[in-house]
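What follows is a short report on a single structure.
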There are 2 protein chains.
Amino acid sequence: MSKPADTAASRAGLGDSVLTDDLSFLLARANALSLAAGNAALAEHGLRARSYSVLALSATDARPSQRELAEFLRLDPSQVVALVDDLQSRGLVERQPDPADRRANVVVATDAGRALFAAAAETARRSEVGVHADLSADERDQLILLLRRLAFPSD
Amino acid sequence: MSKPADTAASRAGLGDSVLTDDLSFLLARANALSLAAGNAALAEHGLRARSYSVLALSATDARPSQRELAEFLRLDPSQVVALVDDLQSRGLVERQPDPADRRANVVVATDAGRALFAAAAETARRSEVGVHADLSADERDQLILLLRRLAFPSD
DNA sequence: TATTGTTATACTCTATAACTATA
DNA sequence: TATAGTTATAGAGTATAACAATA
């Protein structure tokens, strides 16, 4: 196996190299492609991947606090402030005081926010199909399963 | 299946939600964890994930041009300038004029660069083991295979 | 004309620290 | 004392456009 195989990686310019087996590098490159595609697609709704994910969680019945959003999305709490500020200024989400803890804000989507999310989710879904276009349905499911265990390590 | 399962994702605060099946989100979160672990580990060598990947490719016999580095690492050519400037100022890589194309610079690691890379590669490998600690060897190989097809789409 | 490397610029993202009001 | 949200700031990453030298 000394001759480089004619893989997509080798066609990309630098044949199969050290990094082609590097999990961190593959994650970084796959994420860069996915993020660029997602941001481009979501732009038609005035959203980016970040604001879309905050809107998505606010549109469920989970009623997440800003702290919970920060932990789940792996953002700093101060970044969540800016994201929620933006969505709130556009009437897409509201901050509601948590009756059980007056320090905490619960972020919930407005009707307009839910409507926008429904449309954006469809756009995001179509964008994602393009990202995993090379995989079969089984392979895609398998990838999501493995990736989920990487993304949410068991403590 | 209306009751949320006790998965790591649900324990993270927001039970199984829309995003838990979202490939883009899982890629973003997994990459964030991997990148943070990698940067923290590589810091002891004065490297980050970016500069490590440039050094890695320069330390092979591929003799990549800056343009090739940019395409493979999915960076803008102007970012490669800064990365190579930094590594070159530390005596780790050299710019060599490409005899076949006088516009192009080929980036090659110096002996010091190769030595640092060898040490850093070992550090990076250990960091990566932590990232996929929840996976069996077969699962890790399967993940890398699938991820590689996402990272290098077939044109 | 097109491409390689470069410079410049603006914007987004990441990471920290400090402050306030509640707990 | 500790936690939720906020403000401020600096550094890293991303994206564009323009330019000189060369193809």
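Below, read A as the first sequence line, B as the second, and so on, with proteins coming before strands; counting in each chain starts at 1. Just so it is clear, the model here is predicted, and its values are computed rather than measured.
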Exercise. Look at the side chain of B/Arg67 and decide which nucleotide, out of D/dG5, C/dT6, C/dT4, has an atom nearest to it.
Key: C/dT4
Using residues 34-46 of chain A as the side-chain source, report each donor-acceptor pair under 3.5 Å to any protein atom, sequence neighbours left out, with the distance given to one decimal.
| from | atom 1 | to | atom 2 | distance (Å) |
| --- | --- | --- | --- | --- |
| A/Ser34 | OG | B/Ser24 | OG | 3.2 |
| A/Asn39 | OD1 | A/Ala49 | N | 2.8 |
| A/His45 | NE2 | A/Thr123 | OG1 | 2.7 |

Quiz item: Judged by modelled atom types alone, do A/Asp76 and A/Ser78 share a side-chain donor-acceptor pair under 3.5 Å?
Solution: yes
Quiz item: Taking atom C1' of C/dA15 as reference, at what distance in whole Å does atom CG of A/Leu75 sit?
Solution: 12 Å
Quiz item: Are any of B/Arg95's side-chain N or O atoms less than 4.0 Å away from OP1 or OP2 of C/dT6?
Solution: yes
Ignoring hydrogens and angles, write down the donor-acceptor pairs under 3.5 Å from the side chains of residues 113-120 of chain A, residues two or more places apart or on other chains.
| from | atom 1 | to | atom 2 | distance (Å) |
| --- | --- | --- | --- | --- |
| A/Arg114 | NH1 | A/Ala59 | O | 2.8 |
| A/Arg114 | NH2 | A/Ala109 | O | 3.4 |

Exercise. Specify the separation, in whole Å, of atom CD of A/Glu68 and atom C1' of D/dA4.
Key: 11 Å
Self-check item: ILVMFWY cluster membership beyond B/Val129 - transitive side-chain contacts under 4.5 angstrom
Solution: none
Exercise. Could you check how far CG of B/Asp98 sits from P of D/dA21, rounded to whole Å?
Key: 19 Å
Practice problem: List for me each residue that meets side-chain contact (heavy atoms from CB on, under 4.5 Å) alongside A/Arg103, sequence neighbours excluded, and say none if there are none. | Solution: A/Asp101
Practice problem: With sequence neighbours left out, write down each residue that passes side-chain contact (heavy atoms from CB on, under 4.5 Å) with B/Leu33, or none if nothing qualifies. | Solution: A/Arg74, A/Pro153, B/Arg29
Exercise. Specify the residues of residues 99-110 of chain A, ordered by number, for which at least one heavy atom lies under 4.0 angstrom from an atom of DNA chain D.
Key: A/Arg103, A/Ala104, A/Asn105
Quiz item: Where along nucleotides 7-13 of chain D does protein come under 4.0 Å, by heavy atom, of base (B) or sugar-phosphate alone (S), with - for untouched nucleotides?
Solution: BB---SS
Quiz item: Rest of the hydrophobic cluster containing A/Val106 (Ile/Leu/Val/Met/Phe/Trp/Tyr, side-chain heavy atoms under 4.5 Å)?
Solution: A/Val108
Practice problem: Using atom CD of B/Gln66 as one end and atom C1' of D/dA21 as the other, report the distance to the nearest whole Å. | Solution: 14 Å
Quiz prompt | Those residues that, when tested against A/Pro77, pass side-chain contact (heavy atoms from CB on, under 4.5 Å) (two or more places apart) | solution = A/Arg67, A/Ala70
Quiz item: In whole angstroms, how far is the P atom of D/dG5 from the CD atom of A/Glu71?
Solution: 10 Å
